[in-house]
Protein chains: 2
Amino acid sequence: MSTMGTSYYQFCPVAKAMELLDERWTLLVIRELVSGGQHFNDLRRGLPRMSPSLLSKRLQQLQRAGVIARRHSGNNVCYTLTQAGSELRPVVEALGSWGTRWIGELGDADLDPKLLLWDMHRNIDRNAVPEGRTVVHFDFPDAPRKLQRWWLVITKDGADVCDIDPGYEVAVSVTASLRRMVEIWRGDVGWGDAVGRGMLEIDGPEAMRRALPGWFTLSVFAAVPRPS
Amino acid sequence: MSTMGTSYYQFCPVAKAMELLDERWTLLVIRELVSGGQHFNDLRRGLPRMSPSLLSKRLQQLQRAGVIARRHSGNNVCYTLTQAGSELRPVVEALGSWGTRWIGELGDADLDPKLLLWDMHRNIDRNAVPEGRTVVHFDFPDAPRKLQRWWLVITKDGADVCDIDPGYEVAVSVTASLRRMVEIWRGDVGWGDAVGRGMLEIDGPEAMRRALPGWFTLSVFAAVPRPS
DNA sequence: CGGTATCCCCGTCGATACTG
DNA sequence: CAGTATCGACGGGGATACCG
């Protein structure tokens with residue numbers, strides 16, 4: 001137990017848990033693992049502002065704490081939660097529910113389109129999407145040049161995020177401010193509301209336009225009831 | 001929002017929650033408030049290794065974040081949880097349950113008798129204790145001189161912790177190693193088990209000896225089922 | 001793909017003393 | 001009781017480059 005958070009010198013289990021978990025980024029790494037990330041670069045995509053050396057350090061700490069296991073699968077490395085790690089899911093969920101209810105305001109800097117698309121790509125309801133290849137195009141006119149246009153390529157094998165036009169035919173096109181799209185994703189605003197108020201535009205064949213909201217299950221926390 | 005934790009630059013509610021909560025001591029302050037602490041020096045007793053300036057800072061941060069309210073009651077100051085703050089209870093509970101299950105080993109430095117007595121004093125089942133004044137004496141032979149002997153004075157108005165003999169007649173005397181007593185308190189070991197194995201000695205009239213374990217409700221996490 | 005290696009800054013935290 | 005004031009160190013962590 002060499003390099004873990006400083007001790008609180010308390011026997012209280014909350015304190016003991018926080019010695020491990022209160023360090024910056026740690027619980028977000030857990031969140032990524034809970035969300036299904038397995039490989040180093042998977043995790044990095046969900047934690048773009050975290051330096052690779054720090055991620056590496058955190059993974060080692062968590063491994064030493066018995067929260068994750070590091071395995072070689074083929075010539076790949078694979079991180080998975082142990083039983084102890086899996087049981088951190090309720091902690092992550094409690095934090096996310098609380099954050100959803102009580103941390104309303106997002107700064108502009110919180111609105112990372114890459115992160116948004118990465119999150120969307122892993123919350124797609126495959127059964128709802130048409131067979132074959134379906135491409136959804138997102139346009140955020142207010143975002144910086146390089147981050148304006150995105151494509152989500154959905155096939156039966158999964159979904160890929162592209163920041164350059166993959167060239168395939170686009171099934172549906174979504175245009176909105178980045179903030180609005182994030183709010184929809186978080187469940188702060190409904191698809192219908194946003195369209196009705198002209199805050200979001202969906203283009204494409206009517207059947208597709210109608211179906212699109214069903215393709216995404218939204219963030220896990222979207223359904224959390226908000227304070228009255 | 002000037003002095004809060006550094007931003008993660010993520011819209012994820014877990015990240016937004018952790019920007020506030022991942023700083024050292026913050027969740028332990030919340031724990032104290034959840035446990036009923038109201039005044040600055042109450043909180044300090046539950047957080048002995050936290051410097052007063054840092055506690056002050058945390059309280060201000062939490063107030064700015066809308067998690068606690070600071071009120072003057074008479075010429076006293078009183079901190080209470082807001083609605084948002086109360087809803088952090090599930091977070092604290094999830095952390096405590098996890099810590100109870102998965103952080104078994106306590107360092108010697110975690111075994112603070114003052115903290116133990118302070119925790120005990122606020123988890124007494126008043127209905128179970130005899131009428132009038134009841135004094136329980138604790139003796140930790142392995143603890144440093146000044147921290148060996150403690151008295152818990154229980155009346156209908158509450159309980160007081162003394163580190164010097166208050167002089168009242170002692171109803172029951174408990175002798176054990178500090179570690180053993182903490183383990184009992186955390187629910188790692190039962191009263192009966194400890195006595196049976198000679199790890200703990202209870203002295204006094206038989207009726208009192210039998211009744212004593214019922215006077216304490218133990219730590220909130222004592223009942224958490226342990227991993228098999 | 002899966003990480004190390006460095007470097008350095010700046011902010012946090014701890015310790016201690018002191019005040020209305 | 002309820003905090004401020006001050007100060008210094010230490011190390012966490014951000015940035016960037018690089019390696020197998």
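Residue numbers begin at 1 in each chain, while the letters A, B, ... track the order of the sequences.
- The side-chain hydrogen bond (donor to acceptor under 3.5 Å, both in side chains) test applied to Thr80(B) returns Arg71(B), not counting sequence neighbours.
- Contacts between residues 25-49 of chain A and DNA chain C, defined by a heavy-atom separation below 4.0 Å, involve His39(A), Phe40(A), Asn41(A), listed by number.
- Taking only side-chain nitrogens and oxygens, Lys57(A) comes nearer than 4.0 Å to OP1 or OP2 of dG12(D).
- Under 4.0 angstrom from either OP1 or OP2 of dG3(C) there lies at least one side-chain N or O belonging to Tyr79(A).
- Remark: Gln60(B) is in phosphate contact with dT4(D), judged by side-chain N or O atoms under 4.0 Å from OP1 or OP2.
- Spacing between atom CD1 of Ile68(B) and atom P of dA2(D) amounts to 13 Å, rounded to whole angstrom units.
- Here dG13(D) is the nucleotide among dG3(C), dT4(C), dG13(D) with the atom lying nearest to any side-chain atom of Arg24(A).
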If you look only at distance, which donor and acceptor atoms sit under 3.5 Å apart when one is on a side chain in residues 151-163 of chain B and the other is two or more places apart or in another chain?
| unit_1 | atom_1 | unit_2 | atom_2 | d |
| --- | --- | --- | --- | --- |
| Trp151(B) | NE1 | His137(B) | ND1 | 3.3 |
| Thr155(B) | OG1 | Asp157(B) | N | 3.2 |

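- Screening residues 10-37 of chain A for ring-ring contact (aromatic ring centres under 6.0 Å, His included), with sequence neighbours left out, gives Trp25(A)-Tyr8(B).
- In this structure, Ser177(A) has no side-chain hydrogen bond (donor to acceptor under 3.5 Å, both in side chains) partners at least two apart in sequence or on a different chain.
- Residue contacts shown for Asn75(A) are absent, as no nucleic acid heavy atom lies under 4.0 Å away.
- Taking the side-chain hydrogen bond (donor to acceptor under 3.5 Å, both in side chains) definition, one finds that Thr6(B) meets it with nothing, sequence neighbours left out.
- Contact check, Arg70(B) against dA2(D): no side-chain N or O comes under 4.0 Å of OP1 or OP2.
- Protein atom CD of Glu23(A) is 12 Å distant from nucleotide atom P of dG14(D), rounded to whole Å.
- The salt bridge (Lys or Arg N to Asp or Glu O under 4.0 Å) test applied to Arg45(B) returns Asp42(B), not counting sequence neighbours.
- In this view, Arg180(A) and Glu183(A) satisfy the side-chain hydrogen bond (donor to acceptor under 3.5 Å, both in side chains) rule, not counting sequence neighbours.
- With Glu32(A) as reference, Arg122(A) is the one residue of Arg122(A), Arg44(A), Arg58(A) to meet the salt bridge (Lys or Arg N to Asp or Glu O under 4.0 Å) rule.
- An angle of 60°, rounded to 10°, separates the two end axes of the helix from dC1(C)-dG20(D) to dG20(C)-dC1(D), each defined over five pairs.
- Checking dT4(C), dC13(C), dC1(C) against the side-chain heavy atoms of Leu54(B) singles out dC13(C) as nearest.
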So which protein N/O to nucleotides 5-8 of chain C N/O distances come out below 3.5 Å?
| unit_1 | atom_1 | unit_2 | atom_2 | d |
| --- | --- | --- | --- | --- |
| dA5(C) | N6 | Ser53(A) | OG | 3.2 |

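- Between Arg186(B) and Asp188(B), at least one side-chain N (NZ, or NE/NH1/NH2) sits under 4.0 Å from a carboxylate O, which counts as a salt bridge.
- Taking the side chain to side chain contact (heavy atoms under 4.5 Å, CB included) definition, one finds that Ser86(B) meets it with Leu81(B), sequence neighbours left out.
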I'd like a table of donor-acceptor pairs (distance under 3.5 Å, sequence neighbours excluded) in which one partner is a side-chain atom from residues 33-41 of chain A, with atom names and distances.
| unit_1 | atom_1 | unit_2 | atom_2 | d |
| --- | --- | --- | --- | --- |
| Ser35(A) | OG | Arg31(A) | O | 2.8 |
| His39(A) | ND1 | Val77(A) | O | 2.7 |

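- The CG atom of Leu55(B) sits 12 Å away from the P atom of dG14(C) (whole-angstrom rounding).
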